[in-house]
Amino acid sequence: MPWKGGTLRQFFRNSGHLIRLAAVLIAGLCVFLLIRTALIPKAFGKYGHYSPGALDVIRQRPVSYAGQDTCVMCHDGEAKERASGRHAHVACEACHGPQAAHANADDPSAHKPRLPDVANLCRRCHEKDAAKPAHFPQVVTAEHSGGAACNSCHQPHNPHL
Amino acid sequence: MELSRRDLITIGGKLLVLASVGAAFEEITGAAPPSEAYKMAEHWWGMIVDIDKCIGCGNCVRACSNENGVPKGYFRTWVERYEVENVDGRQEPHVESPNGAIDGFPPSTRQDVKSFYVPKLCNHCVDSPCVQVCPVGATFVSPDGVVLVDENYCLGCRYCIQACPYGCRYLHPEKRTADKCTLCYHRITQGLTTACCENCPTGARQLVDFKNPKDPVHEFLRTNKVEVLKPYMATGAKVYYKDLDGSVR
């Protein structure tokens, strides 16, 4: 039937095929938007082409090394002893290992740190090695102590004799 | 009630429009909650490494491994020992890093070579090749200058591992996603230093904040001969080495 103008009703009846096509397109667009919303994380692109939620996830990782300032809160005797010697800038956990579990526990004595393995610990830093900077104190342990443990002469917190 | 095909399509269409409007509304209003004390815009993290202080003890490697649960045999930071031999006027470096130096090094006794230790880690580049090649936006430079990986987004395609000129990335053997140094992001955002810097006995490596005007890094950069690794690649590396030997790659 040729188009002759006239009422709105006639217009809709005559362009039904176009309206159906438009409806299909709109439905397709809606499906696309739905899927897109479901797949893209919230606030994606806030700082760049990534999900800012990832920053919070990474920040939630638990800490293992409590840090120098935490140790000296309680162990001020050791801290004072160390501060006057050449180990003043060596952090507690550099020798004693990660102690966040000990520091954060309600009862720290329940998470008592193990004593460091002196035979390996001192040697890792102080064994004579040509690649170490010359100003760093080094010894050939086999000749230096004759097999005796380092801490039988040196105080580890303040390593004078 | 008899439901005609036309009615079904009409109802379906209405439902779809409603649902997508709702979803769009949720997207606009349901943004992430504002974060607390730590302000990313006020920091720009990097690291300085003093070659002349590194003794190759491997404390940083062990600390990193403990702090971040790095799988055995993989390293987010490691230490290399360079022994540079002079062969007919040419500098020939021999590099070794036994098990990433997690147990330190066996002592070197060669006096005829120039030898020194070089700690390595992710350089947290500003124009990072690893970020550029990621096809899905899983790795990125955070607003405070740390290159991070979104584990939930990473496909494990390994493009970034190939792209990193410093070899700082690996595929996590269990998660099957790219993994790397986070500059201890969980520590530095709560005021602690990184595990490697905390445990370095000689202060050879130090975490620095370029946006903090009081940070010692500014004087360090002004008064020392500093270099980054592979400067010709223009990665914008933020790990600065003092007195780096020309043979280090």
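Letters A, B, ... are given to chains in the order of the sequence lines, protein chains preceding strands, and every chain is numbered from 1. On a predicted model such as this, the values are computed, not experimentally measured, just so you know.
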**Request:** Step by step, work out the side chain to side chain contact (heavy atoms under 4.5 Å, CB included) result for B/Met47 and B/Thr194.
**Result:** CA-CA 10 Å; B/Met47 197 176 279; B/Thr194 64; 4.0 Å; yes

**Request:** Indicate the atoms forming the closest heavy-atom contact of A/Tyr50 with B/Ser142, along with that distance.
**Result:** OH-CA, 3.9 Å

**Request:** Name the region of A/Ala23, side chain, backbone, both or neither, that has any atom closer than 4.5 Å to a heavy atom of chain B.
**Result:** neither

**Complete:** So, the part of B/Val136 with a heavy atom under 4.5 Å from chain A: the answer is backbone

**Distance-only donor-acceptor check, side chains A/Gln99 and A/His111, under 3.5 Å** = no

**Prompt:** Would B/Lys114 and B/Asp245 count as a salt bridge (Lys or Arg N to Asp or Glu O under 4.0 Å) if you check the C-alpha gap in whole Å, the side-chain angles of each, and the deciding distance to 0.1 Å?
**Reply:** CA-CA 10 Å; B/Lys114 181 168 62 175; B/Asp245 190 85; 2.5 Å; yes

**Asked** In terms of heavy-atom proximity below 4.5 Å to chain A, should B/Cys60 be classed as side chain, backbone, both, or neither?
**Response** neither

**Prompt:** Which region of A/Ala66, side chain (C-beta onward) or backbone (N, CA, C, O), has a non-hydrogen atom less than 4.5 Å from a non-hydrogen atom of chain B, or is it both or neither?
**Reply:** backbone

**Asked** Under a 4.5 Å heavy-atom cut-off, does chain B meet the side chain of A/Gln68, its backbone, both or neither?
**Response** both

**Prompt:** Is it the backbone or the side chain of A/Tyr65 that comes under 4.5 Å from a heavy atom of chain B, or both, or neither?
**Reply:** both

**B/Thr77 and B/Arg205, any side-chain heavy atoms less than 4.5 Å apart** = yes

**Request:** Might you work through the side chain to side chain contact (heavy atoms under 4.5 Å, CB included) test for B/Phe140 and A/Leu55, ending with a clear yes or no?
**Result:** CA-CA 10 Å; B/Phe140 54 89; A/Leu55 291 168; 3.9 Å; yes

**Message:** Working note: B/Asp179 + B/Arg76, criterion salt bridge (Lys or Arg N to Asp or Glu O under 4.0 Å); need CA distance, chi angles, decisive distance, verdict.
**Reply:** CA-CA 8 Å; B/Asp179 203 33; B/Arg76 290 184 179 189; 3.0 Å; yes

**Prompt:** Which is it for B/His94 and B/Glu85 under the side-chain hydrogen bond (donor to acceptor under 3.5 Å, both in side chains) test, yes or no, and what are the steps along the way?
**Reply:** CA-CA 8 Å; B/His94 304 280; B/Glu85 205 167 351; 3.0 Å; yes

**Request:** Go through the atoms of B/Asn59 and report whether side chain, backbone, both or neither lie under 4.5 Å from a heavy atom of chain A.
**Result:** side chain

**Complete:** If one checks every heavy atom of B/Glu198 against chain A at 4.5 Å, the contacting part turns out to be both

**Residue, of B/Pro201, B/Ala138, B/Gly104, that accumulates the most heavy atom pairs under 4.5 Å with chain A** = B/Pro201

**Request:** Let me know if B/Thr202 has heavy atoms under 4.5 Å from chain A in its side chain, its backbone, both or neither.
**Result:** side chain

**Request:** Could you look at A/Phe32 and say if it's the side chain, the backbone, both or neither that has a heavy atom under 4.5 Å from chain B?
**Result:** neither

**Asked** Is it the side chain or the backbone of B/Leu192 that comes within 4.5 Å of chain A heavy atoms, both, or neither?
**Response** side chain

**Message:** Using a 4.5 angstrom heavy-atom cutoff, name the option from A/Lys132, A/His135, A/Arg61 with the most pairs to chain B.
**Reply:** A/Arg61

**Request:** Below 4.5 Å from any heavy atom of chain A, which atoms of B/Tyr117 appear? Answer side chain, backbone, both or neither.
**Result:** both

**Message:** Ring-plane angle category for B/Tyr38 and B/His43, please: parallel below 30°, perpendicular beyond 60°, tilted otherwise.
**Reply:** parallel

**Prompt:** chain A: which of B/Arg62, B/Glu151, B/Glu83, B/Lys53 shares the most heavy-atom pairs with it under 4.5 Å?
**Reply:** B/Arg62

**Request:** Return the option, out of A/Asp129, A/Val140, A/Val57, with the maximum number of heavy-atom pairs under 4.5 Å with chain B.
**Result:** A/Asp129

**Item:** Proximal component of B/Arg81, with respect to chain A [non-hydrogen, under 4.5 Å]
**Value:** side chain

**Request:** For B/Tyr159, look at atom OH and say whether over 12 heavy atoms of other residues, nucleotides or ligands are found less than 6.0 Å away.
**Result:** no

**Prompt:** B/Cys181 versus B/Cys64: any side-chain heavy-atom pair under 4.5 Å?
**Reply:** no

**Message:** Contact between B/Tyr241 and B/Lys120 at the side-chain level, heavy atoms closer than 4.5 Å - yes or no?
**Reply:** yes

**Request:** Measure the shortest side-chain to side-chain distance between B/Phe75 and B/Val61 over non-hydrogen atoms and say whether it is less than 4.5 angstrom.
**Result:** yes

**Request:** Measure distances from A/His126 to the heavy atoms of chain B and classify the residue's part below 4.5 Å as side chain, backbone, both or neither.
**Result:** neither

**Asked** Can you list the steps and then say if B/Trp78 with B/Asn99 is a side chain to side chain contact (heavy atoms under 4.5 Å, CB included)?
**Response** CA-CA 9 Å; B/Trp78 67 99; B/Asn99 204 13; over 6 Å; no

**Prompt:** Is it true that B/Lys211 and B/Asp209 have a side-chain N and a carboxylate O under 4.0 angstrom from each other?
**Reply:** no

**Prompt:** Are A/Phe44 and B/Tyr153 close enough that their ring centres sit under 6.0 Å apart?
**Reply:** yes

**Prompt:** When only pairs under 4.5 Å are counted, which of A/Glu93, A/Glu127, A/Arg123, A/Gln138 shares the most heavy-atom pairs with chain B?
**Reply:** A/Glu93

**Request:** With a 4.5 Å heavy-atom cut-off (strictly below), which parts of residues 73-86 of chain A touch chain B? List them by number.
**Result:** none

**Request:** Measure distances from B/Val141 to the heavy atoms of chain A and classify the residue's part below 4.5 Å as side chain, backbone, both or neither.
**Result:** backbone

**Prompt:** Among B/Val113, B/Asp103, B/Ile9, B/Val131, which has the most heavy-atom pairs under 4.5 Å with chain A?
**Reply:** B/Asp103

**Asked** Which of the residues A/Val90, A/Val63, A/Thr70 is involved in the greatest number of heavy-atom pairs with chain B at under 4.5 angstrom?
**Response** A/Val63

**Message:** Could you walk me through whether B/Ser247 and B/Tyr82 satisfy the side chain to side chain contact (heavy atoms under 4.5 Å, CB included) test, starting with their C-alpha distance in whole Å, then the side-chain angles of each, then the deciding distance to 0.1 Å, before giving a yes or no?
**Reply:** CA-CA 9 Å; B/Ser247 60; B/Tyr82 273 71; 4.1 Å; yes

